[in-house]
Amino acid sequence: MATSIRLSRGGSKKRPYYRIVVADSRAPRDGKFIERIGSYNPVLPKGDEKRVVLDIERAKHWVAAGAQPTDRVARFLDAAGVKERAARNNPKKAEPGQKAKDRAEDRATKAAEAEEARKAAEEAANAPAETPAEEAAPAEEATAEQAEG
C-alpha cells in the first residue's frame with residue numbers, strides 16, 4: 001500500500017487547522033487515515049512553538065517505511081531533522097508570460113514613436129522660427145536693389 005504523510009484540513013471557514021496524518025495515497029484529503037502524527041496551525045505566528053507539533057519518532061518510522069511526504073509536510077520534517085529536503089530552484093518562475101512580454105514590447109515601441117514625434121514637433125517648431133529670419137534678409141536686399149535701380 002502506498003502511503004503518504006500529508007495535511008488533513010479541519011477548522012472553520014477562514015480559520016484553518018491541519019492534522020499531519022499518514023494515509024493511504026488513494027484516500028480523500030480529509031477522509032480515512034492510518035495514524036495522526038502531528039498538527040499544524042497556520043493562524044499562529046511563525047515563532048510560536050505550537051504552530052507545528054510533530055511526533056518525530058513516528059514520523060521517522062513512517063519515512064523509513066516508505067511514506068512519501070507532501071511538499072508542505074516535507075518542510076516540517078526538514079525543520080525537525082527527520083528527512084532532508086532538497087532545495088528547489090525555478091529561475092523561470094519570476095519571468096513574465098508571453099502576453100506580458102508582448103504588451104511590454106508594444107508599450108516600448110509606442111513610447112519610442114511618441115518620443116520621435118515629440119522631437120520632430122520640436123524641430124518643426126524651431127525650424128520655422130529660423131526660416132523667416134533667413135527669408136527676411138533676402139527680402140530686404142531685394143527692396144534695397146529695387147530702390148537703387
Side-chain angles (χ1 to χ4, degrees), residues 1-140:
M1 170 172 48
T3 56
S4 65
I5 304 174
R6 62 184 181 204
L7 298 176
S8 174
R9 187 181 160 130
S12 60
K13 181 177 172 182
K14 298 198 179 189
R15 301 284 295 171
Y17 183 83
Y18 298 93
R19 293 182 294 190
I20 302 172
V21 298
V22 177
D24 183 356
S25 61
R26 297 169 294 188
R29 180 192 73 179
D30 299 336
K32 184 178 175 184
F33 59 89
I34 299 169
E35 181 180 356
R36 180 175 179 229
I37 61 172
S39 64
Y40 168 55
N41 188 354
V43 177
L44 296 175
K46 289 191 178 183
D48 196 339
E49 61 190 37
K50 292 183 181 178
R51 184 177 168 103
V52 177
V53 177
L54 187 65
D55 185 354
I56 297 172
E57 293 303 317
R58 292 307 293 168
K60 285 181 183 178
H61 165 76
W62 283 107
V63 168
Q68 293 296 314
T70 59
D71 289 340
R72 177 63 55 182
V73 174
R75 286 176 175 249
F76 301 150
L77 296 178
D78 185 33
V82 174
K83 183 178 180 183
E84 191 70 26
R85 182 178 75 94
R88 292 185 164 188
N89 184 16
N90 187 0
K92 291 190 174 191
K93 181 177 182 181
E95 190 175 305
Q98 187 60 43
K99 286 188 176 183
K101 288 179 186 176
D102 292 344
R103 283 193 301 267
E105 186 178 313
D106 290 344
R107 205 175 303 125
T109 56
K110 285 181 182 179
E113 290 172 359
E115 183 66 25
E116 289 175 15
R118 187 186 61 80
K119 286 182 180 179
E122 282 182 9
E123 290 175 7
N126 292 338
E130 296 171 3
T131 308
E134 293 172 3
E135 290 178 3
E140 291 173 6

Go through the steps to decide whether Leu54 and Ile37 satisfy the test side-chain contact (heavy atoms from CB on, under 4.5 Å), and finish with yes or no.
CA-CA 6 Å; Leu54 187 65; Ile37 61 172; 4.2 Å; yes
May I have the step-by-step check of side-chain contact (heavy atoms from CB on, under 4.5 Å) for Glu84 and Asp78, ending in yes or no?
CA-CA 5 Å; Glu84 191 70 26; Asp78 185 33; 4.0 Å; yes
Test of understanding: with ring pair (Phe, Tyr, Trp, His ring centres under 6.0 Å), list the residues that count as partners of Tyr40, not counting sequence neighbours.
Tyr18, Phe76
Looking only at non-hydrogen atoms, find the nearest pair between Asn41 and Pro16 and report the distance.
OD1-O, 3.7 Å
Under the side chain to side chain contact (heavy atoms under 4.5 Å, CB included) test against Arg72, which residue among Leu77, Ile20, Leu7 passes?
Leu7
Shortest non-hydrogen pair, Lys83 vs Pro69, comes out as NZ-CD, 3.7 Å
Worked verdict on Arg75 versus Asp71 for side-chain contact (heavy atoms from CB on, under 4.5 Å)
CA-CA 6 Å; Arg75 286 176 175 249; Asp71 289 340; 6.0 Å; no
Which heavy atom in Ala27 sits nearest to a heavy atom in Arg6, and how many Å separate them?
O-NH2, 2.7 Å
Applying side-chain contact (heavy atoms from CB on, under 4.5 Å), run through Val43 and Arg15 and close with a yes or a no.
CA-CA 7 Å; Val43 177; Arg15 301 284 295 171; 3.5 Å; yes
Does the distance from a Lys or Arg side-chain N to an Asp or Glu carboxylate O, for Glu115 and Arg118, drop under 4.0 Å?
yes
Listed partners of Lys101 passing salt bridge (Lys or Arg N to Asp or Glu O under 4.0 Å), at least two apart
Glu95
Give, for atom OG of Ser4 and atom CZ of Phe33, the distance between the pair rounded to the nearest 0.5 Å.
12.5 Å
Under 4.0 Å between a Lys/Arg side-chain N and an Asp/Glu carboxylate O for Asp24 and Arg26?
yes
Nearest 0.5 Å, please: how far is CD in Glu35 from CG in Asp55?
7.5 Å
Hey, what do you get for CD (Gln98) to CG (Asp102), rounding to the nearest 0.5 Å?
4.5 Å
